[in-house]
Amino acid sequence: MTTEDRIRAVVGKIAQKPLPSDPEESLFESGVLDSFALPDVVGELEKEFSLKVPDSDLNPRKFDSLARITHYVESNI
Amino acid sequence: MAFLRAFGSYVPARVVTNAELAARLGCETDWILNASGISERRYAETESVADLATRAAEDCLARAMTRQVGMVIVSSGSSPRRFPGPAAEIAAKMGFAGVPALDVPMASAGSLFGLALAAQCASSAGPVLVIAAEKMSTAIADDKNTAILFGDGAGACLVDPKEGGAEIVRWDLHSDGTYSEALRLEFGAPIHMDGYTVILQASRKIPAAIREVLEHTSTPASAVGTFLMHQANQNLIVRIAKALDVAPEKFFSNIARYGNTSSASMLIAASEWHAQSGFRAGEPVVFAGFGAGFHWGALLALGL
């Protein structure tokens with residue numbers, strides 16, 4: 001599995017909704033993730049990739065699309 | 001040393017149901033309940049922030065059976081003027097003109113910071129009356145994501161240097177202005193809330209602050225009798241309990257009836273909890289808050 005595949009699995013597990021095919025599409029504006037699902041996604045990403053997201057990186061913009069999440073994860077593992 | 005001697009609260013009479021709000025905002029009643037855990041909230045129609053505060057404070061002093069007050073601290077994020085804040089007016093209305101009255105213009109976490117400040121001041125000032133009062137109905141417009149959350153009310157606590165049902169043992173407070181734009185209320189504009197940022201930060205920072213105060217007092221989370229949190233959103237309260245591996249039932253909640261009354265909510269919750277069950281000897285109680293600023297923290301009191 002690619003990093004994006006694993007991220008899709010994490011986000012899909014939390015969202016329980018179909019994910020956008022375009023990785024650039026906003027997960028917030030499309031209604032895939034609400035404000036309470038986002039902390040769960042971050043927590044699951046930490047487990048899946050054995051990384052620690054510091055408070056200073058808890059900026060929703062870093063996690064508002066599959067592409068941005070992939071960029072964040074690949075930059076921090 | 002400082003002790004929690006008594007609590008009081010007041011909410012205005014007008015009940016605003018989810019059905020009323022749903023009709024006005026064009027959303028579903030079930031969506032409001034699921035998104036927030038709130039069934040209804042109270043709106044003050046003619047009463048001011050100072051009126052709400054005075055009613056809660058009088059309730060607190062009646063329960064304490066004293067009129068001896070050496071200092072008044074008032075937190076409010078929704079007071080109507082740049083200055084003066086409501087503290088001096090409230091003190092005067094209660095017959096405490098001349099007693100130092102300090103405004104803490106801080107939403108949500110203001111009552112927590114007020115309690116900590118009172119604990120510091122009580123030994124020199126004498127009993128400190130901490131009041132948190134909010135008229136959040138004046139801060140909302142027709143944005144359904146914020147309008148469903150907020151209500152009006154006030155809470156109070158008398159922090160005494162000599163006696164009370166619990167001793168304030170420790171507090172850990174934090175502020176970080178990096179996020180000052182994420183949640184703000186400016187004069188002449190409705191409240192602005194970036195919900196994604198607020199929830200993402202609160203979900204991490206509140207449990208961290210509670211763990212911090214527990215570690216500093218060598219208290220396991222399982223030993224805490226009750227958690228009294230700022231009543232921001234029931235979904236957030238449940239999330240905090242899960243993060244601490246504590247049963248959600250240990251988190252007192254009355255948000256279903258009053259909504260988010262900002263800084264007043266923690267003391268309204270404390271007042272209701274104290275009237276229902278109250279402190280038990282040797283049992284820790286943890287207060288926690290988070291809000292605009294961001295300001296956040298936790299305080300531990302030990303029942304006597």
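Naming convention: chains lettered A, B, ... in sequence-line order (proteins, then strands); numbering from 1 in each chain.
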Taking the six-membered ring for Trp, are the ring centroids of B:Tyr196 and A:Phe28 within less than 6.0 Å of each other?
->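 Yes, they do, as the ring centres are separated by less than 6.0 Å.
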
Which bit of [X] is near chain A, if near means a heavy-atom gap under 4.5 Å: side chain, backbone, both or neither?
X: B:Asn233; answer: side chain
X: B:Thr197; answer: both
X: B:Ala35; answer: backbone

Should the pair B:Tyr179 and B:Phe294 be assigned to parallel (<30°), tilted (30 to 60°) or perpendicular (>60°) ring geometry?
->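 Judged by the thresholds at 30° and 60°, the geometry between B:Tyr179 and B:Phe294 is parallel.
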
Does the side chain of B:Ile140 reach to within under 4.5 Å of the side chain of B:Tyr43, using non-hydrogen atoms?
->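 A side-chain contact exists here, since the closest heavy-atom pair is under 4.5 Å.
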
Mind checking whether B:Met193 and B:Leu149 have side chains closer than 4.5 Å, heavy atoms only?
->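 Yes, close enough: below the 4.5 Å cut-off.
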
B:Arg24, CZ atom: more than 12 neighbouring heavy atoms under 6.0 Å |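 Yes - once you tally the heavy atoms of other residues, nucleotides and ligands closer than 6.0 Å, there are more than 12.
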
A:Val53 portion near chain B, given a 4.5 angstrom heavy-atom threshold =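 The answer is both parts of A:Val53.
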
Would you mind checking which part of A:Asp40 comes under 4.5 Å of any heavy atom in chain B, side chain (CB onward), backbone (N, CA, C, O), both or neither?
->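 Contact with chain B involves both backbone and side-chain atoms of A:Asp40.
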
